[in-house]
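Treat the numbers as computed from the prediction; the structure is a model and nothing was measured. In this chain, residues are counted from 1 in sequence order. Any value given below was found using the heavy atoms of this structure, including those in side chains, with hydrogens, waters and symmetry copies removed.
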Amino acid sequence: MDGSHTHLKGYTMTIAPTLHRYLAAENIEYVEIPHTFTMSSARTAQACHVSGDHLAKAVVLRHDGGYMLAVVPASHHLNLPDLQERLGEDLAMANESEINRLFADCAPGAVPAVGRCYGLDLIVDDSIQAQPEVYIEAGDHETLLQLTHAQFARLTASAPHGRFSVHD
């Protein structure tokens, strides 16, 4: 068994293949947490009984003719003007079809907060970077991956970070 599929009480947990291969290649340890189907990071946090401060939400942005991810806690929203000031005016939210194309092996809107395996740069909000454990979307709206602070730090080691989110 390759570990990307686990069956538990009627759940089929599936990590997006691109993400699964990357985490395995990087020797990133994680725990899979199944949950009922949810369509927002706030609802996912509730379904998993996880603080929204610990759930990393990936926001897909258009930047410099390409794309990047801004990673913020699910309990926050991105402050786009702050990030534009830091990264330049050519920064905008990507639309649904762009996101679906970039994350073709993920369910629509279930974007993992990991950029490198999808060819995307990241910028990470300090408030998620500070958490003792971090949860990320696995790509299917039904599975979270729980990472220790150290594992999340390894995943985001090369990413710049700063404060560019506001608590909801």
Under the side-chain contact (heavy atoms from CB on, under 4.5 Å) criterion, do Met68 and Ile123 qualify, and how do the steps go?
CA-CA 8 Å; Met68 67 178 296; Ile123 187 164; 3.6 Å; yes

Check step by step if side-chain contact (heavy atoms from CB on, under 4.5 Å) holds for Thr156 and Val71.
CA-CA 10 Å; Thr156 59; Val71 179; 5.9 Å; no

Chi angles and distances behind the side-chain contact (heavy atoms from CB on, under 4.5 Å) call for Ile99, Glu96
CA-CA 5 Å; Ile99 295 167; Glu96 209 170 308; 5.6 Å; no

Derivation and outcome, side-chain contact (heavy atoms from CB on, under 4.5 Å), residues Leu61 and Leu80
CA-CA 10 Å; Leu61 301 169; Leu80 197 56; 4.1 Å; yes

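Taken to the nearest 0.5 Å, the CD atom of Glu137 stands 8.0 Å off from the SG atom of Cys106. Glu133 CD to Leu55 CG: the interatomic distance, rounded to the nearest 0.5 Å, is 11.5 Å. Here the straight-line distance linking atom CZ of Phe37 with atom OG1 of Thr143 works out to 11.0 Å at 0.5 Å rounding. For the atom pair CG of Asp105 and CD1 of Ile15, the computed distance is 11.5 Å after rounding to the nearest 0.5 Å. Interatomic distance, Ile128 CD1 to His76 NE2, rounded to the nearest 0.5 Å: 8.0 Å. Atom CG of Asp126 and atom CZ of Phe164 lie 8.0 Å apart (nearest 0.5 Å).
The number of heavy atoms from other shown groups lying within 6.0 Å of CD (Glu85) does not exceed 12. Other residues, nucleotides and ligands contribute more than 12 heavy atoms inside 6.0 Å of the CD atom of Glu26. More than 12 heavy atoms of other residues, nucleotides or ligands shown are found within 6.0 angstrom of CG on Asn100. Within a 6.0 Å sphere centred on CZ of Arg43, other residues, nucleotides and ligands contribute 12 heavy atoms or fewer.
By the 4.5 Å heavy-atom criterion applied to side chains, Thr36 and Glu142 are not counted as neighbours. Residues Arg116 and Ser158 have side chains in contact (heavy-atom distance under 4.5 Å, counting atoms from C-beta outward). Inter-residue side-chain proximity for Met93 and Leu78 is flagged as met; some heavy-atom pair is nearer than 4.5 Å. Asn95 places a side-chain heavy atom less than 4.5 Å from the side chain of Arg62.
Annotation: ring-ring contact (aromatic ring centres under 6.0 Å, His included) contacts involving residues 82-116, sequence neighbours excluded, comprise Phe103-Tyr118.
Cluster membership check: Val59 does not share its hydrophobic cluster with Leu120, using side-chain heavy-atom separations under 4.5 Å among Ile, Leu, Val, Met, Phe, Trp and Tyr. By the rule that hydrophobic residues join a cluster once side-chain heavy atoms approach within less than 4.5 Å of another member, Leu87 and Leu122 end up as members of separate clusters.
Across Ala159 and Val124, no two heavy atoms sit closer than the pair CB-CG2, 3.9 Å. Among all heavy-atom pairs drawn from Cys117 and Thr18, the shortest one is O-CG2, 3.4 Å. When all heavy atoms are compared, the tightest approach of Ser41 to Lys57 is OG-CD, 3.2 Å. Heavy atoms only, all atoms of each residue included: His35 and Ala47 are closest at CB-CB, 4.2 Å. Closest non-hydrogen pair, Ala58 versus Pro112, comes out as CB-O, 3.7 Å. In terms of heavy atoms, Ala113 sits closest to Ile136 at CB-CG2, 4.0 Å.
In this structure, the side chain of Gln84 engages the main chain of Leu91 through a donor-acceptor pair within 3.5 Å. Proximity of a side-chain donor or acceptor of Gln131 to a complementary backbone N or O of His54 within less than 3.5 Å is not detected. Of the possible donor and acceptor atoms, one in the side chain of Arg154 sits under 3.5 Å from a partner among the backbone N and O of Asn27. The main-chain N or O of Gln129 is never found under 3.5 Å from a side-chain atom of His161 such that the two would form a donor-acceptor pair. Although no hydrogens or angles enter the test, the distance criterion places no donor-acceptor pair under 3.5 Å between the side chain of Gln151 and the main chain of Leu155.
The one candidate from Asn79, Asp82, Asp125 that meets the side chain to side chain donor-acceptor pair (under 3.5 Å) condition with Ser165 is Asp125. Results of the side-chain contact (heavy atoms from CB on, under 4.5 Å) test with Tyr135 over Leu144, Val31, Leu145 single out Leu144 as the only residue that passes.
Using modelled atom types, one finds no donor on one side chain facing an acceptor on the other under 3.5 Å when comparing Glu32 with Tyr30.
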